[in-house]
Amino acid sequence: MPNWTQRIQVVQLEYPQTWRLMKGGADGEVEELVVTVSGILSEVGLPPIREKPTATVGQFKFLRQGVVITGLGSPTFEAAVEATFEIYEIFRREFPEGKLEEWAATRYQDYSALPFSNRYVTPLRDAPNMEHIPFEASVDPQGHLESMVAHGFVHGDDNIVEYYTQKASGEEGPTFTKANPQIFRVGDLVDIQVSYIVVPLKSHKFKMLPVLRTIALVDSTFSQVNLAKIGRDNFANIR
């Protein structure tokens, strides 16, 4: 494994019960590892939620927002896929053989793709100390998600996804402006920040989840173009 994997550790949290990748911060404190991945959106499942979900109360915990991105074969994106496999291997050694479900990248046509998502709410019994944060109007304009709180759910820090537009600003680097989640389209070039957790399943099984934390729109040039026509070279050029 690469050297960077030696600087992180797996930490088990009780509420909610998860296993997370942690690293040492600049101030000596341990903090969750957050990774940035760049790619082109091949699937978009982001807010706003305008219609009431048809899920039952027992299914609220499965409601998610998420995206899938691809690199159209670019070496940079393929390196991100390989890094995700390395993260999976770190987690796999924390559990008995065969107990952690296999992880695999998805596909967009002939190219590798990576899915990222996050739950809208967490069952309060799983996180009794989690502070509720009201949904923003850009996410839940009709209050459908907020109404789930009355049924024993909470929308906390762990469920928050932040949305931005990114613009270059010379030597000082890019600047980020908060955005409405509805701006994102298939074909957009984005930078995504994610963390990786393992959650328990039934029958003493476990599953690794790449969790969406932030998404920033970098370039919308190709958002109205069929991804198959964008091509690997164009993706490399606009990076």
Which atom pair, heavy atoms only, marks the closest approach of [X] to [Y]?
X: Val35; Y: Tyr196; answer: CG2-CE1, 4.1 Å
X: Pro141; Y: Pro48; answer: CD-CB, 3.7 Å
X: Lys205; Y: Gly98; answer: NZ-O, 3.0 Å
X: Ile215; Y: Leu46; answer: CD1-CD1, 4.3 Å
X: Phe116; Y: Pro210; answer: CD2-CB, 3.6 Å
X: Gln17; Y: Gln12; answer: NE2-NE2, 3.8 Å

Discussion item. Applying side chain to side chain contact (heavy atoms under 4.5 Å, CB included) to Ile87 and Met208, what does each step give before you reach the verdict?
Written reply: CA-CA 9 Å; Ile87 288 172; Met208 185 183 83; 4.1 Å; yes
Under 6.0 Å from the [atom1] atom of [X], do we count more than 12 heavy atoms belonging to anything else shown?
X: Glu131; atom1: CD; value: no
X: Glu51; atom1: CD; value: no
X: Glu101; atom1: CD; value: yes

When you compare the side chain of [Y] with that of [X], does any pair of heavy atoms fall below 4.5 Å?
X: Pro47; Y: Ser138; result: no
X: Trp19; Y: Phe206; result: yes
X: Leu145; Y: Phe60; result: no
X: Glu97; Y: Phe95; result: no
X: Leu209; Y: Arg64; result: yes
X: Met148; Y: Pro53; result: yes
X: Ile192; Y: Val67; result: yes
X: Phe77; Y: Leu114; result: yes

From [atom1] ([X]) to [atom2] ([Y]), nearest 0.5 Å:
X: Ile69; Y: Ser38; atom1: CD1; atom2: OG; value: 7.5 Å
X: Asp126; Y: Glu14; atom1: CG; atom2: CD; value: 11.5 Å
X: His144; Y: Ile49; atom1: NE2; atom2: CD1; value: 9.0 Å
X: His155; Y: Leu124; atom1: NE2; atom2: CG; value: 14.0 Å
X: Glu89; Y: Thr84; atom1: CD; atom2: OG1; value: 12.5 Å
X: Leu63; Y: Asn159; atom1: CG; atom2: CG; value: 11.5 Å

Indicate whether any N or O donor in one side chain lies under 3.5 Å from an N or O acceptor in the other, for [X] and [Y].
X: Glu162; Y: Thr214; value: no
X: Arg20; Y: Gln9; value: no
X: Glu146; Y: His132; value: yes
X: Asp158; Y: Thr122; value: no

Cluster link [X] to [Y], ILVMFWY, side chain under 4.5 Å:
X: Val218; Y: Tyr164; result: no
X: Phe91; Y: Val194; result: yes
X: Val190; Y: Val186; result: yes
X: Val139; Y: Val161; result: yes
X: Val57; Y: Val121; result: yes

Is [Y] paired with [X] through a side-chain N to carboxylate O contact shorter than 4.0 Å?
X: Lys167; Y: Asp219; answer: no
X: Asp157; Y: Arg213; answer: no
X: Glu102; Y: Lys207; answer: no
X: Lys23; Y: Glu32; answer: no

Item to complete: Examine distances only and state if a side-chain atom of Thr70 and a backbone atom of Ser42 form a donor-acceptor pair shorter than 3.5 Å.
Response: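 Side chain of Thr70 to backbone of Ser42, a donor-acceptor pair under 3.5 Å: no, none is there.
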Worksheet item: Does Asp188 use its side chain to pair, donor to acceptor, with the backbone of Leu41 at less than 3.5 Å?
Response: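 The answer is no, because no donor-acceptor pair under 3.5 Å joins these two groups.
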Worksheet item: What's the verdict on side chain to side chain contact (heavy atoms under 4.5 Å, CB included) for Gln193 and Leu212, showing C-alpha distance, side-chain angles and the deciding distance?
Response: CA-CA 7 Å; Gln193 287 192 323; Leu212 180 64; over 6 Å; no
Worksheet item: With respect to Ile197, which candidate in Leu13, Leu21, Thr18 satisfies the side chain to side chain contact (heavy atoms under 4.5 Å, CB included) definition?
Response: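 Going through the options one by one, the only one that passes is Thr18.
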Practice prompt. Decide salt bridge (charged side-chain N to carboxylate O under 4.0 Å, His left out) for Glu136 and Lys178; before the verdict, give the C-alpha distance in whole Å, the side-chain angles of both, and the deciding distance to 0.1 Å.
Written response: CA-CA 12 Å; Glu136 294 188 1; Lys178 194 168 183 179; 2.9 Å; yes
Practice prompt. Go through the steps to decide whether Tyr120 and Phe135 satisfy the test side chain to side chain contact (heavy atoms under 4.5 Å, CB included), and finish with yes or no.
Written response: CA-CA 9 Å; Tyr120 282 113; Phe135 286 93; 4.2 Å; yes
Discussion item. If you apply the rule side chain to side chain contact (heavy atoms under 4.5 Å, CB included), what do you find for Glu78 with Ser112, and how did you get there?
Written reply: CA-CA 7 Å; Glu78 293 305 314; Ser112 299; 3.2 Å; yes
Practice prompt. Over 60° means perpendicular and under 30° means parallel, so classify the ring planes of Tyr163 and Phe184, tilted if in between.
Written response: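 Plane angle between 30° and 60°, so tilted.
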Worksheet item: According to the interplanar angle, ranging from 0 to 90°, do the rings of Phe85 and Trp103 count as parallel (below 30°), tilted (30 to 60°) or perpendicular (above 60°)?
Response: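 The arrangement is perpendicular - the two ring planes meet at more than 60°.
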